[in-house]
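For this chain, numbers begin at 1 and follow the sequence in order. Model, not experiment: these values are computed from the prediction.
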Amino acid sequence: MNEIDVQFTCPDCDHSFSIDPSELLEQDTVACPNCGCSLPEDELRYLKIAIEYLNDKKTH
């Protein structure tokens, strides 16, 4: 899963940061390390589904 690069840019403070996909799958929330702005729950759920789908595609 190291080939997937998950990068975020905070809509509040414009800070860019990345999270390892395997760590992201284990998290209940994602927040900007600079200001604490959180990714909405539904967007995180869809992102996890996409990562799992891509990971599944690599194994088949």
Side-chain angles (χ1 to χ4, degrees):
M1 199 176 315
N2 293 340
E3 297 173 17
I4 301 172
D5 186 27
V6 183
Q7 296 203 5
F8 298 92
T9 300
C10 179
D12 286 354
C13 71
D14 207 36
H15 178 76
S16 294
F17 60 100
S18 61
I19 300 175
D20 183 84
S22 58
E23 291 179 22
L24 189 128
L25 290 174
E26 297 174 5
Q27 295 183 356
D28 293 329
T29 61
V30 171
C32 174
N34 191 50
C35 73
C37 177
S38 294
L39 184 69
E41 286 182 30
D42 59 330
E43 290 182 27
L44 178 58
R45 184 175 61 247
Y46 295 137
L47 183 56
K48 288 181 176 185
I49 291 169
I51 290 170
E52 290 170 345
Y53 175 78
L54 290 173
N55 190 41
D56 189 46
K57 285 295 221 185
K58 286 193 292 186
T59 60
H60 286 108

How many angstroms lie between atom [atom1] of [X] and atom [atom2] of [Y], to the nearest 0.5 angstrom?
{"X": "R45", "Y": "K48", "atom1": "CZ", "atom2": "NZ", "value": "10.0 Å"}
{"X": "I49", "Y": "L54", "atom1": "CD1", "atom2": "CG", "value": "12.0 Å"}
{"X": "E43", "Y": "S38", "atom1": "CD", "atom2": "OG", "value": "11.5 Å"}

Would you say the side chain of [Y] lies within less than 4.5 Å of the side chain of [X], judging by non-hydrogen atoms?
{"X": "C37", "Y": "C13", "result": "no"}
{"X": "C32", "Y": "F8", "result": "no"}
{"X": "S16", "Y": "Q7", "result": "no"}

Looking only at non-hydrogen atoms, find the nearest pair between [X] and [Y] and report the distance.
{"X": "E52", "Y": "L25", "value": "CG-CD2, 3.8 Å"}
{"X": "P21", "Y": "I4", "value": "CG-O, 3.3 Å"}
{"X": "L44", "Y": "D28", "value": "CD2-O, 3.3 Å"}

Counterpart residues, side chain to side chain contact (heavy atoms under 4.5 Å, CB included), relative to D14 (two or more places apart): T9
ILVMFWY cluster, Y46 and I19 together (side-chain gap under 4.5 Å): no
Over 12 foreign heavy atoms within 6.0 Å of CD, E41: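 It does not: E41 CD has 12 such atoms or fewer within range.
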